[in-house]
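Just so we're clear, the structure is a prediction, and the values are computed from it rather than from any experiment. Counting starts at 1 for both ligands and their atoms, in listed order. Values reported hereafter were calculated over all heavy atoms of this structure, with side chains retained and with hydrogens, waters and symmetry mates removed.
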Amino acid sequence: MKYVDEFRSGELAQGMARAIAAEAIRPAYRFMEFCGGHTHAIARYGLGELLPPQVRMIHGPGCPVCVLPIGRIDLAIRLAREHEVILCTYGDTLRVPASGGLSLLKAKAAGGDIRMVYSVADALRIAREQPQRQVVFLAIGFETTTPPTALAIFEAARLGLANFSVLCNHVLTPPAITHMLSTPENAAQVPLDGFVGPGHVSTVIGSRAYEPFASTFRKPVVIAGFEPLDVLQAILMLIRQVNTGRAEVENEYCRAVTRDGNRKAQALMAGVFELRDSFEWRGLGEMPLSALRIRAGFAGFDAEKRFALDYVAVPDHPACECGAILCGLKRPEECKLFGKVCSPENPVGACMVSSEGACAAQFSYGRHLRQEKT
Ligand code: SF4
């Protein structure tokens with residue numbers, strides 16, 4: 001297949017659904033789609049409706065906005081309010097609920113100089129245009145968005161920019177999967193038969209990064225693209241692995257992902273970032289070696305150091321089930337606020353903010369359909 005409409009062919013999807021139904025011979029298959037992009041695709045194209053009842057997809061924690069804990073948004077708001085910086089970030093991040101009923105958007109309405117940007121390059125441009133102001137880029141995301149942040153820091157260093165820094169919240173995919181598989185309570189409560197591996201992340205880190213999950217944990221992984229036929233094909237490949245007792249890393253997204261990934265991007269990241277000892281993820285809690293910080297050699301561009309920020313953990317709204325949803329323990333409809341108090345216009349938790357969030361995807365596309373399979 002070559003063109004995007006072929007990857008969205010209803011006829012081909014029906015054929016693939018029939019193949020899945022024919023080959024799903026076990027009583028239950030539980031696969032986690034790690035990436036929020038896949039969660040979105042499954043909801044948008046109604047793929048859950050095409051699967052037989054014994055095949056259940058479980059949403060994972062791979063939405064960068066969703067896993068950002070409240071305390072990190074609070075840090076950004078403090079930068080804008082107390083240090084009077086120009087705070088730049090992506091649009092979705094502006095709406096994530098923070099402490100005290102605030103969000104970056106509300107802090108902006110109250111006078112904070114908070115700006116939506118499309119990329120870190122925009123923040124760098126603002127810093128060059130306004131040398132009298134401190135400009136901080138609130139960086140979020142997995143390995144996909146990390147190389148551009150690294151490139152911006154290299155560029156700021158080359159230009160000798162003294163008014164640009166990054167509040168780094170970049171997190172890593174493999175440690176999150178390891179955490180889910182190696183934490184006994186999680187593994188017991190959410191038994192998984194395999195993973196649909198993220199597509200964009202894998203273009204950077206390569207399929208090799210998932211090999212320990214197959215070899216050590218005996219979990220099949222199939223890396224998939226984001227079109228509906230990509231996802232269905234990956235599910236079929238996972239079913240075939242389970243049926244034949246295999247646990248391998250397979251690459252459905254071979255038009256974009258290689259085994260080694262993007263070596264240049266990896267070198268960029270390694271040049272600027274190093275592992276944090278620990279980082280709090282919404283829903284998964286503190287996870288060792290699961291996120292990045294800026295190396296000492298680039299400390300001048302590290303907003304946490306420049307502004308001496310101290311992180312304070314803040315609990316989620318008591319009725320919000322984002323934590324359980326991000327661990328695969330609950331589904332969005334099981335939250336009593338879903339679609340009532342909490343909606344994309346009025347998000348109570350982070351999973352209702354981004355279109356990649358499980359709650360937002362279910363609200364936008366899935367709530368009128370029959371309940372997902374259990
Ligand atoms: Fe949190 Fe809203 Fe999702 Fe409930 S519906 S889990 S409150 S984001």
query = Do the charged groups of E211 and R208 touch, with an N to O distance under 4.0 Å?
reply = no
query = Which is it for C359 and ligand 1 at heavy atoms under 4.0 Å: side chain, backbone, both or neither?
reply = side chain
ask   = If you measure from OG on S207 to CD1 on I223, what distance do you get to the nearest 0.5 Å?
value = 4.5 Å
request  = Select one of side chain, backbone, both or neither to describe which atoms of I325 lie under 4.0 Å from any atom of ligand 1, heavy atoms only.
outcome  = side chain
note = Of all protein heavy atoms, the one nearest atom 2 (Fe) of ligand 1 is C342 SG, 2.3 Å
ask   = Any ion pair linking R246 and E250 (charged N to carboxylate O, less than 4.0 Å)?
value = yes
task = May I ask you to check whether H59 and F34 place their ring centres under 6.0 Å from each other?
result = no
key: Subset of ligand 1 atoms that lie under 4.0 Å from at least one heavy atom of F338   = 5 (S)
Per-residue contact class, C320 against ligand 1 - non-hydrogen pairs under 4.0 Å = both
ask   = So does E304 pair up with R276, basic N to acidic O under 4.0 Å?
value = yes
query = Relative to the heavy atoms of E321, which atoms of ligand 1 are at a distance of less than 4.0 Å?
reply = 1 (Fe), 6 (S)
task = Could you tell me whether atom 2 (Fe) of ligand 1 has an N, O or S atom of C335 under 2.8 Å away?
result = no
ask   = Any non-hydrogen atom of P332 lying under 4.0 Å from ligand 1?
value = no
request  = May I ask you to say whether E321 pairs ionically with K336, meaning some side-chain N is under 4.0 Å from a carboxylate O?
outcome  = no
